[in-house]
Amino acid sequence: QVRGSRLKYLGRGSACKNGLSPWNMWPTTSRAEAACNLLEMTMKEASSSSPEPAFTFRRILLLLLGTWSALCGGTLYAFSRFEVELMNRCQLSARELEVIYSAGQAGVGLGIIGGALYDSRGPMLTSVYGLVLTAVGNLGLSATLQTDRCGSMPMLAVLYFVLQQGSVAIYQAGLFTNIREAPSSTQGLVTGIVASGYGLSAAFVTVLYDFFGHDLVRYFQGTAVIFPVTALIGALALPRLTGEMARPYGRLDEESAPVATAIGREQSCDPVKQREPDQAPVPKLALTEIVTSADLWLLLITFALLQSVGSGLFIANLSLIGGSLGVSEESMPSYVRIVSYSNCLGRMVAGCAMDAAEPSGIFRSDHTLLTALALVLASTSLLILPEAVIPDLLLPILVMIACAYGANWAIMPSFLSTRFQRSHVGVTFNMHAAALALGVLGTSYVAGSLYDAAAASSGKGDGTCQGFHCWRLACTLGLALSVVALASSAVLALKSRKSGRSRIAM
């Protein structure tokens with residue numbers, strides 16, 4: 001086919017008619033570069049007539065590994081499963097418990113370290129980074145929990161931070177690689193599938209926690225093996241499934257094959273492969289161009305506020321909220337699993353919806369309007385419904401919140417990838433995660449303080465509070481933040497329609 005194309009371009013082309021030889025068509029280039037140009041024209045013709053299927057065997061394997069990495073990387077969502085045992089075992093107050101959770105959320109938010117590592121060095125080193133930190137975090141927590149009063153609250157917070165920093169690196173290695181390899185027509189679906197594994201991780205970790213007999217020490221010892229082994233598999237397999245041992249995310253380059261030069265050597269036409277191994281390719285958009293875009297900051301504000309309410313207020317306090325409303329301890333694992341399934345479902349549905357709706361003129365950023373409306377509706381319902389019916393409606397409201405929370409995790413990376421031409425996705429993704437971490441830190445701290453104040457005023461003296469009044473002020477805060485996020489998402493939607501820049505040809 002290449003020879004036929006050379007005959008087409010050289011044997012019959014205008015260059016030969018003008019007396020030029022096949023190799024001096026490009027007088028300022030070498031023969032190897034000329035051959036690359038010829039092959040590039042040939043590959044473009046071939047790709048336009050026979051595009052690669054959306055789901056090849058290689059991509060399916062990549063998707064499965066990415067989803068498994070997400071299952072093992074989303075351990076933060078399982079905090080509500082063992083927060084009561086941690087609180088009792090280590091004699092912590094609700095505020096101290098929120099500090100530990102916020103430290104874990106900060107570990108996820110500072111995943112920008114892993115994201116920058118991925119952008120510059122690829123999935124192998126990112127996975128190794130996750131391997132080391134998950135091993136240190138899990139083993140450290142296991143050892144600390146066996147000491148008197150679990151050492152100290154700051155020590156628990158630091159170790160939980162380290163664990164979540166490693167977990168999110170494992171997740172991002174699989175997620176970013178799948179986003180990079182996915183065709184634009186199925187990018188939302190692929191993002192949703194991998195992100196759904198992250199949302200489903202609470203149910204997965206709940207199964208592990210039950211398997212280890214509800215013993216926190218044994219649980220952390222077990223995950224000290226499972227999660228690092230997953231990271232090791234990612235470090236070995238991800239580079240091979242993408243065809244290269246290390247390829248930075250900065251730009252999606254077309255694959256090309258080596259061609260024979262005049263002296264019999266092979267030279268790759270891929271500009272990435274012609275660079276030195278330690279050089280990263282130049283992204284399509286500069287990072288300064290991205291961070292000065294209003295679209296980035298509008299999405300960041302929307303995402304951080306919505307996820308702070310979903311995570312810092314509701315998901316982090318799931319067991320405490322259920323306890324206040326009379327949910328039995330035996331029923332709480334079911335609540336955790338259902339919220340996890342809903343988190344997963346929201347990511348899947350949002351991914352499919354983005355791919356299906358975009359050809360109709362509905363931009364990827366528009367879906368944040370629906371998630372913001374869902375949180376406004378959920379918070380309003382909790383505030384206006386009679387307190388007697390709230391326990392019966394708590395689970396449906398939590399399902400709505402979890403679906404919206406999960407959907408945002410699919411919308412955000414897909415929008416960033418399309419809006420900014422897949423440039424610096426590792427950094428921009430983690431800018432949003434860092435903003436979320438700060439938001440959760442503030443939201444969860446305020447919610448924990450309000451709960452402690454309500455518990456103290458109840459006069460029971462055991463640090464617990466019964467009734468929805470324990471959470472009424474916290475839900476009011478959640479409603480206010482959701483309304484601000486709704487306004488921000490509306491501005492982003494209007495701006496996208498005015499400029500038409502949200503959808504970028506890939």
State the CG-CG distance between Leu92 and Leu97, to the nearest 0.5 angstrom.
6.0 Å
Just by modelled atom types, is the Gly448 backbone N or O under 3.5 Å from a matching donor or acceptor in the Arg95 side chain?
no
For Tyr198, enumerate each residue passing the ring-ring contact (aromatic ring centres under 6.0 Å, His included) test, keeping only those at least two apart in sequence or located in another chain.
Tyr77, Tyr171
Of all residues at least two apart in sequence or in a different chain, which pass the disulfide bond (SG atoms under 2.5 Å apart) check with Cys403?
none
Expected output: side-chain Thr380 to main-chain Leu377 donor-acceptor under 3.5 Å:
no
Got a donor-acceptor contact below 3.5 angstrom from the Ser127 side chain to the Leu232 backbone?
no
Looking only at the aromatic ring of each residue, does the gap between the centers of Phe314 and Trp471 stay below 6.0 angstrom?
no
Begin from the C-alpha positions of Ile290 and Leu416 and carry the test side-chain contact (heavy atoms from CB on, under 4.5 Å) through to its verdict.
CA-CA 10 Å; Ile290 296 173; Leu416 292 174; over 6 Å; no
Check whether any side-chain heavy atom of Leu382 sits under 4.5 Å from a side-chain heavy atom of Leu479, and report yes or no.
no
The criterion is ring-ring contact (aromatic ring centres under 6.0 Å, His included); which residues satisfy it with His469, sequence neighbours excluded?
none
Any side-chain donor near an acceptor of the partner, Ser444 and Ser102, under 3.5 Å
yes
Salt bridge (charged side-chain N to carboxylate O under 4.0 Å, His left out) against Asp366, all qualifying residues, sequence neighbours excluded
Arg497
Tell me, which pairs form a disulfide (SG to SG under 2.5 Å) where one or both residues lie in residues 419-458, sequence neighbours left out?
none
With under 30° as parallel and over 60° as perpendicular, where do the rings of Tyr219 and Phe82 fit, or are they tilted in between?
tilted
Within the side chain of Thr67, is there an N or O that forms a donor-acceptor pair under 3.5 Å with the backbone of Gly197?
no
Compare every heavy atom of Met348 with every heavy atom of Ser196, then report the nearest pair and how far apart it is.
CB-CG, 3.5 Å
Scan residues 140-195 for pairs that pass disulfide (SG to SG under 2.5 Å), counting only residues two or more places apart or in two chains.
Cys90-Cys150
Sorted by first residue and then second, give each side chain to side chain donor-acceptor pair (under 3.5 Å) pair with at least one member in residues 384-403; sequence neighbours left out.
none
Once rounded to the nearest 0.5 Å, what's the spacing between atom CG of Leu318 and atom CE of Met332?
4.0 Å
Give me the atom names and distance for the closest heavy-atom approach of Leu325 to Gly467.
CD2-C, 4.2 Å
Tell me the closest heavy-atom pair linking Ala447 and Asn317, and the distance in Å.
CB-ND2, 4.2 Å
After noting the C-alpha distance and the side-chain angles of Val339 and Val399, does the key distance pass the side-chain contact (heavy atoms from CB on, under 4.5 Å) rule?
CA-CA 6 Å; Val339 167; Val399 166; 5.9 Å; no
Do Arg218 and Phe211 come within less than 4.5 Å of each other through their side chains, counting heavy atoms only?
no
Arg347 vs Val194 side-chain heavy atoms within contact, under 4.5 Å:
no
Below 4.5 Å, heavy atoms only, C-beta onward: do Met431 and Leu296 meet side chain to side chain?
yes
Apply side-chain contact (heavy atoms from CB on, under 4.5 Å) to the pair Asn430 and Ile113, showing each step before the final yes or no.
CA-CA 8 Å; Asn430 285 290; Ile113 300 172; over 6 Å; no
What's the shortest heavy-atom distance between Thr134 and Ser167, and which atoms?
CG2-N, 3.5 Å
Can you list everything that forms a ring-ring contact (aromatic ring centres under 6.0 Å, His included) with Tyr101? Sequence neighbours excluded, please.
Phe79
So, does Ser340 use its side chain to make a donor-acceptor pair with the main chain of Val336 at under 3.5 Å?
no
Output the distance between atom CD1 (Ile397) and atom CD1 (Ile390), rounded to the nearest 0.5 Å.
7.0 Å
Donor-acceptor side-chain pairing of Thr177 and Tyr118 below 3.5 angstrom
yes
Could you go through the side-chain contact (heavy atoms from CB on, under 4.5 Å) check for Leu313 and Leu477 one step at a time?
CA-CA 9 Å; Leu313 179 55; Leu477 172 64; 5.9 Å; no
Looking at every heavy atom in both Gly234 and Pro239, which two are closest together, and how far apart are they?
O-CD, 3.7 Å
Can you check whether Leu62 reaches Leu238 side chain to side chain, under 4.5 Å on heavy atoms?
yes
So how far is it from Leu394 CG to Tyr335 OH, rounded to the nearest 0.5 Å?
5.5 Å
Please list, chain by chain and in numerical order, all residues satisfying side-chain hydrogen bond (donor to acceptor under 3.5 Å, both in side chains) with Arg337, sequence neighbours excluded.
none
Do side-chain atoms of Arg364 reach the backbone of Ile411 as a donor and acceptor pair under 3.5 angstrom?
no
Which residues pass the ring-ring contact (aromatic ring centres under 6.0 Å, His included) test with Tyr341, sequence neighbours left out?
none
Might you point out which heavy atoms bring Ala410 and Pro413 nearest each other, and give the distance in Å?
O-CD, 3.6 Å
A side-chain contact here means heavy atoms from C-beta on lying under 4.5 Å apart; do Thr443 and Val309 qualify?
no
Does either side chain, that of Ser328 or that of Ser331, offer a donor lying less than 3.5 Å from an acceptor on the other one?
yes
Please work out which of the three classes, parallel, tilted or perpendicular, describes the rings of Trp409 and Phe429, given edges at 30° and 60°.
tilted
side-chain contact (heavy atoms from CB on, under 4.5 Å) against Ala434, all qualifying residues, sequence neighbours excluded:
none
Flag, side chain of Gln172 to backbone of Gly114, donor-acceptor distance under 3.5 Å:
no
Say whether, by atom type as modelled, one donor and one acceptor occur between the side chain of Thr126 and the main chain of Gly122 under 3.5 angstrom.
yes
Should Ile179 and Val190 count as side-chain neighbours, where that means a heavy-atom distance under 4.5 Å?
no
Would you give the length of the straight line joining atom OG1 of Thr230 to atom CD1 of Ile170, rounded to the nearest 0.5 angstrom?
6.5 Å
Is there a side-chain contact between Val217 and Gln221 in this structure, where contact means two heavy atoms from C-beta onward sitting under 4.5 Å apart?
yes
Counting only N and O atoms by type, is there a donor-acceptor contact under 3.5 Å from the side chain of Ser417 to the main-chain atoms of Ser414?
no
Test item: Ser379 side-chain N/O and Val376 main-chain N/O as donor-acceptor pair under 3.5 Å
no
Measuring from atom OG1 of Thr186 to atom CE of Met354, what distance do you get when rounded to the nearest 0.5 angstrom?
11.5 Å
So disulfide (SG to SG under 2.5 Å) across residues 206-238, not counting sequence neighbours, yields none
